[in-house]
**Student:** 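Before anything else, here's the structure in question.
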Amino acid sequence: AQSVTQLGSHVSVSEGALVLLRCNYSSSVPPYLFWYVQYPNQGLQLLLKYTSAATLVKGINGFEAEFKKSETSFHLTKPSAHMSDAAEYFCAAAGNNNDMRFGAGTRLTVKP
Amino acid sequence: NAGVMQNPRHLVRRRGQEARLRCSPMKGHSHVYWYRQLPEEGLKFMVYLQKENIIDESGMPKERFSAEFPKEGPSILRIQQVVRGDSAAYFCASSPPTDGYTFGSGTRLTVV
């Protein structure tokens, strides 16, 4: 099974500032990688996914993530944070056996 | 095409009672996954099922917890003799292989 590490359980940024949420995976074979967002008292919504077609993946709500094999990373970024981006973000990885594992999550706070 | 349907959304049980959580996957999805989210924690994998088969139950507690995905009807996560520590949000997801999961809105179990 894949292992996913999210650095920083809490990230706080000012509105309009860059958002950077870090994710590293452990695998000798590049897995399928995903970012999900969870708003309070809701389920998880898929933001974007990497499936080896392109290393820079664009998702919904202005988010994007770059797959870097040399760093085994898949960090999530957004150029300008909006108040509505405040949520919990989960990085996940799956192998060919369809076995997905999630990171512990990063709670994003956006300050006015 | 309805998404992943979970019911009930909220469930309150007294210690020692049984909890049954239901999950209907998206139409055409034959893989179902159950995850548990404890307060202030990430998602923990519990079990992966296909129709009439448990594929991976490595995340299931050895006692009191069971899951099934019958040929007809929803997937059921069953918790017998609930204890306060079982209080959590339980999420179901479904997918075709390696395409990213679609999550339900979860069932929030409270044990009193």
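Numbered from 1 within each chain, the chains take letters A, B, ... in sequence-line order.
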**Student:** With a 6.0 Å cut-off (strictly less than), is the heavy-atom count around CZ of B:R64, excluding the residue itself, greater than 12?
**Tutor:**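 Yes, enclosed.
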**Student:** Would A:V11 end up clustered with A:M83 when hydrophobic side chains under 4.5 Å apart are linked, directly or stepwise?
**Tutor:**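 Same hydrophobic cluster.
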**Student:** Measuring heavy-atom distances to chain A, does B:Q37 have an atom under 4.5 Å in its side chain, in its backbone, in both, or in neither?
**Tutor:**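 For B:Q37, side-chain heavy atoms alone lie under 4.5 Å from chain A.
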**Student:** Let's test your reading of the structure: which of A:E88, A:Q45, A:Q42 forms the most heavy-atom pairs below 4.5 Å with chain B?
**Tutor:**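 Of the candidates given, the most pairs with chain B belong to A:Q42.
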**Student:** Among the clusters formed by ILVMFWY side chains lying less than 4.5 Å apart, do A:Y32 and B:F103 turn up in the same one?
**Tutor:**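 Yes, A:Y32 connects to B:F103 through the hydrophobic network.
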**Student:** Quick check on the hydrophobic clustering: are B:L21 and B:F69 connected, directly or via other members, by side-chain heavy-atom contacts under 4.5 Å?
**Tutor:**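 Yes; B:F69 is reachable from B:L21 via cluster members.
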**Student:** Does any N or O in the side chain of A:Y36 come within less than 3.5 Å of the main-chain N or O of B:Y101, such that one atom is a donor and the other an acceptor?
**Tutor:**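 Checked: pair present.
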**Student:** Do B:Y35 and A:F102 have ring centres separated by under 6.0 Å?
**Tutor:**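 Under 6.0 Å, so yes.
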**Student:** Would the number of heavy atoms belonging to other residues, nucleotides or ligands and lying under 6.0 Å from CD of B:E18 be above 12?
**Tutor:**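 Yes, enclosed.
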**Student:** Side chain from CB out, backbone as N, CA, C, O: work out which of these in A:Q38 comes under 4.5 Å of a heavy atom of chain B, or both, or neither.
**Tutor:**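 The side chain, not the backbone.
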**Student:** Calculate, to the nearest 0.5 Å, the distance between atoms OG and CG belonging to B:S105 and A:L44 respectively.
**Tutor:**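 One finds 10.5 Å between OG of B:S105 and CG of A:L44.
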